[in-house]
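Let me begin by presenting the structure, written as structure tokens, before commenting on it.
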Amino acid sequence: MLSKALLEDVLTQALTTGGDFSEVFVEDRFTNLMRLQSSKLEGSLSGRDFGVGIRVFKGLNSVYAYTNDATKEGLLEAANAAAQAIQGATSENTIVLPYEKQLINSVHPIELMPNSVEKMRKLQVLRNADDIVRNYHSSISQAIIALVEEEQNVLIANSEGTYVEDKRVRSRLAINAIAANEHDMQDGFYGPGRHQGFEYIENLDLNHYAKEAARMAVTMLNAEPAPSGKFPVIIDNEFGGVIFHEACGHGLEAASVAKNNSVFANKIGEKVASDLVTYIDDGTITNEWGSINIDDEGEKARKNVLIENGILKGYLIDKFNARRMNSESTGSGRRESYKFAPTSRMTNTYIAPGTSTPEEIISNTEHGIYAKYLGGGQVNPVTGDYNFAVLEAYLVKNGKIDKPLRGATLIGNGAKTIQKVDMVGNNLGHGAGMCGASSGSIPVNVGQPMVRISEITVGGTGANN
Amino acid sequence: MDLQVFREQLFTEGEKLGFSDLEIYYEKLSSFGCQIYEGEIDDYRSSTVNGVSARGIINGKMGEAFTEKLDDASVSFLLHNMIENANISEDEPGELFDGKAEYEDLNFFSPTLSEVTIEEKIEFLKQVEKHIYDYDPRVVQTGYAAIQDQLIEKALFNNKGLELNDKNNFLFFVFSVVVKENDETKSDYYFKIVDDFSSVDPRHIAKEACEKSLRLLGGKSYPNKSYPVILESNTACELLAVFTPAFSAKSVQDDQSRLKDKLNTTITADVLTLQDNPHLTNGIRSSTFDSEGVPTKPLTVVENGVLKTYFHNLKTAKKDGVKSTGHGHKLSYRDPIGVRPSNFYVVPSEVSKEELYSDLKEGIIITSLSGLHSGANSISGDFSLAAEGFYVKNGKIASPTNKMTIAGNFFDLLKDVEKVASDLEFSPMDFYGYIGSPSLKIKELAVTID
């Protein structure tokens, strides 16, 4: 994407004011978005992003500059802008990269590159999903089906001799179903995605995913307002894991740990969770949505055990925060694009499976809430306070799933919630999501088996409990 | 490749391939941002990025594509994808604006702001951070001390000779202060956009940022029930922001808005008037034309409770048999034309915020909301959000509350607005447009207190 000689010049230029580390991240990305609404292809947009990010460290100072002027002058100017922010002694170290680029042996095979498939063939999948949603029930008033595909080519070089290229291909189908009656509208959503090509989309079990989205919308149309108060809450597998993503995952990222901004800072080896909790971030799972070959700092992806049987084992660390923590990168430096400096982020994060069956968990719950599908959430990493929307919830009465509930929000504190996990199921599943933080919006998987938490505050619009 | 050359090449080759109409939207973003942590530069970024999005009509159908790389290969990449996207399009025949219109001659670029040096900005952050640490022993740290400026240059060209240009710059800073007393930790954000940097006073800003967090210490629990609620201006505009898509004619036509069939009917309490003003001098969404090239003008959307119009772009306007209101905005060249407000806000009154609760026997003031991207359903209007704030007793603030959730329905809430204050503020989230509101008094909302 850029010649080796130019990369060396830029890395060298960036260090002229005394920086001790420089890095170039080049990105050439093709995206394709197709959106079917009212059974018509309403939007089809293709695009190409291209740009270069240059980063310089000096001790605990970090500077980032980016541009999409990839001429020699443009890049040297950006390198210079970054260097100007570093105040050190001038230096004349010349950076020389290895002779050969490191070749990545992809562990995430791609069969059908998105750009090699005709858009008509892609449209057929959207139509099939649309049919399934619309035929599900007479109250379905709208279906919006979107296909998002991207091919991201990156080149990463740094003053420590990293010189590597990678290709990431991701495909995701977002199914949105809307059900309406004369006074209300509710929606249902399912968004399966993988680090894979069009073969994943074409082979998707639409009968499952599209039907689930439709069923969710129709069920919620007839749901009663959720009660407020404290309840045992059963959270189902797959995307349910978003609760631990917010409640613990963000607090285990070096971005908050390094500055002692996290409740998990300085607690390695201590018991931070219930014995039933083993929490893992694994970027190497074949073709999963959050998987990577290398991170956005050129480090190989790996499996990081964060919490094991309740004991805190490790954090997710990027190169810059590794300096503050006197530690090593864990292959967790990620960014949305060249427009962001990387920081420590999650990949595929999940609670390891336990031994209870889902049936046992429900039948052991006398009075509680069953959260079948969670929506997004948010956490304040300083305090660990989080909140989540539940897309589909039910009351659990006498060990049985009772009536559906709408409008439930779960609020609580991450550090407390993981101590209250009192049952872990054996049905581990992963769900695709987008995670937003300081280095942008990146694809991550959240996952878990069915989990029960002995008490969470539920905020709803119904009668107080 | 130079933009002028790129656009001529795209128009010439496009016409050869059979495009009747062609249009290029260009955007260049230059930005500097910096963050301080304990007196040291913690984050520093500078950038220049540009990109174009091209639209064209071929065989009566519209195709669109974008690129950030302006080279020969991108000209063919754009045209190839525009043809393929037009071919599979099932949309009504597309239309590009011919540009036969009058444009206001307004300037949203502040030269004095562009002259503030990087050193001045860093020094400002260091001073504010120092004043924050000196302000009160309960201040533990600054969670965030950041400044950012942005210059946006936009242009629109078509192959019929239309050529429009606009530029807008702004600067904002954010401070979050973490405070601790006994075992209680609290933090809140202080955010401000300015178009005049010479008047900012670091000591005053530090004081306001600290007070925003300190006032939250000492939280107590109160009964869970429905209370009269005051939404402080920043929370009122965040809430309005999430539900602005309901005012878009696109959502209405797609059966995704509860405001469908509500034109010229009462949709809010009569104390509410909502305006969209694309010509605000310090509005970050100010512009004289939208992303389709349609001239913009101030618009009253809700007048004393009555819905007067939806936001329209060319396509939605044609469908409804009306004129575009100039709201065919793109978020950037990477996004398709949508329908978005510019600077959209609740018109303030003369009443102070304190007067909203001075006659309340009991009530809740909401000072911050979280979970807006997940706990609010922009279609149904239902929301259930985590919140912080105060408990009011006999017209006075009694204490902060423990963590809360508030739940209700946005469209019902609009009807329950009893009073509007004078303290108009705009939300830092500008995804939906630049959205503003003064503090609002709501008749009642369900509140759960931890």
Side-chain angles (χ1 to χ4, degrees), chain A residues 28 37-38 40-51 60-70 78 81-82 85 119-120 123 141-142 178 180 184-187 226 228-229 259 261 339 341 375-378 380 382-383 385 387-389 406-409 411 457-461 464, chain B residues 37 40-51 53 63-69 74 77 81 84-85 87-91 118 141 143 178 185-187 224-225 254-256 258 334-336 370-375 377 379-380 382 384-386 403-409 446 448 450:
Chain A
D28 194 0
Q37 175 157 352
S38 306
K40 272 192 338 193
L41 184 72
E42 281 224 338
S44 178
L45 182 63
S46 320
R48 180 182 185 191
D49 296 279
F50 178 86
L60 294 180
N61 285 337
S62 166
V63 176
Y64 195 65
Y66 60 91
T67 179
N68 49 23
D69 178 358
K119 287 180 179 164
M120 274 301 182
L123 183 56
S141 62
Q142 180 62 281
I178 297 166
D184 198 12
M185 252 180 216
Q186 291 287 330
D187 59 346
S228 302
K259 291 184 189 168
N261 261 345
K339 291 172 186 163
Q378 198 175 330
N380 176 340
V382 178
T383 58
D385 291 341
N387 62 80
F388 284 88
R406 66 158 70 164
T409 298
I411 63 168
T457 301
V458 177
T461 49
N464 288 322
Chain B
Y37 179 68
E40 297 279 333
I41 296 173
D42 190 42
D43 186 44
Y44 180 107
R45 52 189 82 188
S46 79
S47 67
T48 317
V49 169
N50 59 31
S53 129
E64 185 174 2
F66 70 87
T67 182
E68 287 187 335
K69 192 162 193 169
S74 284
F77 169 82
N81 277 286
E84 203 185 359
N85 288 336
N87 277 344
I88 57 165
S89 167
E90 298 170 315
D91 226 345
I118 288 177
Q141 65 178 190
V178 183
T185 303
K186 291 282 177 186
S187 73
N224 297 339
K225 60 177 185 178
D254 289 342
D255 270 336
Q256 286 183 54
R258 294 248 318 232
R334 303 184 81 256
D335 296 288
S370 57
L372 281 149
H373 71 289
S374 55
N377 183 323
I379 297 176
S380 68
D382 290 335
S384 174
L385 302 165
K403 246 180 326 184
M404 295 184 277
T405 59
I406 57 167
N409 182 283
T448 310
D450 198 17

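All chains are named by letter (A, B, ...) in the order of the sequence lines, taking the proteins before the strands, and each is independently numbered beginning at 1.
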- Distance-only polar pair, side chains of A/Lys119 and A/Ser46, donor-acceptor under 3.5 Å: yes

- Query: In terms of heavy-atom proximity below 4.5 Å to chain B, should A/Thr67 be classed as side chain, backbone, both, or neither?
  - Reply: both

- Would you check if B/Pro336 and A/Glu42 make a side-chain contact, meaning some heavy-atom pair closer than 4.5 Å? no

- Item | CA sep, side-chain torsions, deciding dist, call: B/Ser370, A/Asn387, side-chain hydrogen bond (donor to acceptor under 3.5 Å, both in side chains) | CA-CA 8 Å; B/Ser370 57; A/Asn387 62 80; 3.1 Å; yes

- Task: Measure A/Ile178 against the heavy atoms of chain B and call it side chain, backbone, both or neither at under 4.5 Å.
- Result: side chain

- Applying a strict 4.5 Å limit to non-hydrogen atoms, the region of B/Val178 in contact with chain A is side chain

- Query: So which part of B/Gln256 gets closer than 4.5 Å to some heavy atom of chain A, the side chain, the backbone, both or neither?
  - Reply: both

- For the atom pair CG (A/Asp69) and OG1 (B/Thr48), what is the distance rounded to the nearest 0.5 Å? 8.5 Å

- Output yes when a side-chain donor or acceptor of B/Thr67 lies under 3.5 Å from a complementary backbone atom of B/Ser74, and no otherwise. no

- Message: Just so I understand: if I count every heavy-atom pair under 4.5 Å between each of B/Met404, B/Arg334, B/Glu40 and chain A, which residue has the most?
- Response: B/Arg334

- Task: Could you tell me whether a side-chain N or O of B/Asn85 sits under 3.5 Å from a main-chain N or O of B/Glu64, the two making a donor and an acceptor?
- Result: yes

- Measure distances from B/Asn409 to the heavy atoms of chain A and classify the residue's part below 4.5 Å as side chain, backbone, both or neither. neither

- Note on the structure: Applying a strict 4.5 Å limit to non-hydrogen atoms, the region of A/Ala78 in contact with chain B is neither

- Message: Using a 3.5 Å distance criterion without hydrogens, assess whether the side chain of A/Asn68 forms a donor-acceptor pair with backbone atoms of B/Val49.
- Response: no

- Tell me, out of A/Ser38, A/Ala389, A/Gly47, who's got the most heavy-atom pairs with chain B below 4.5 Å. A/Gly47

- Checking heavy atoms, do the side chain of B/Asp254, its backbone, both or neither come under 4.5 Å from chain A? both

- Atom group of B/Asp42 that falls short of 4.5 Å from chain A, counting heavy atoms: both

- Item | Interface residue of largest heavy-atom contact number with chain A, from B/Ala407, B/Ser47, B/Gly51, under 4.5 Å | B/Ser47

- Task: Please round to the nearest 0.5 Å and tell me the distance separating atom CD1 of A/Ile411 and atom CG of A/Asp385.
- Result: 8.5 Å

- Where does A/Asp184 contact chain B at under 4.5 Å (heavy atoms): side chain, backbone, both or neither? side chain

- Message: With a 4.5 angstrom heavy-atom cut-off, is it the side chain or the backbone of A/Gln142 that approaches chain B, or both, or neither?
- Response: side chain

- Using modelled atom types only, decide if a donor and an acceptor are shared between the side chain of B/Thr448 and the backbone of A/Gly459 within a distance under 3.5 Å. no

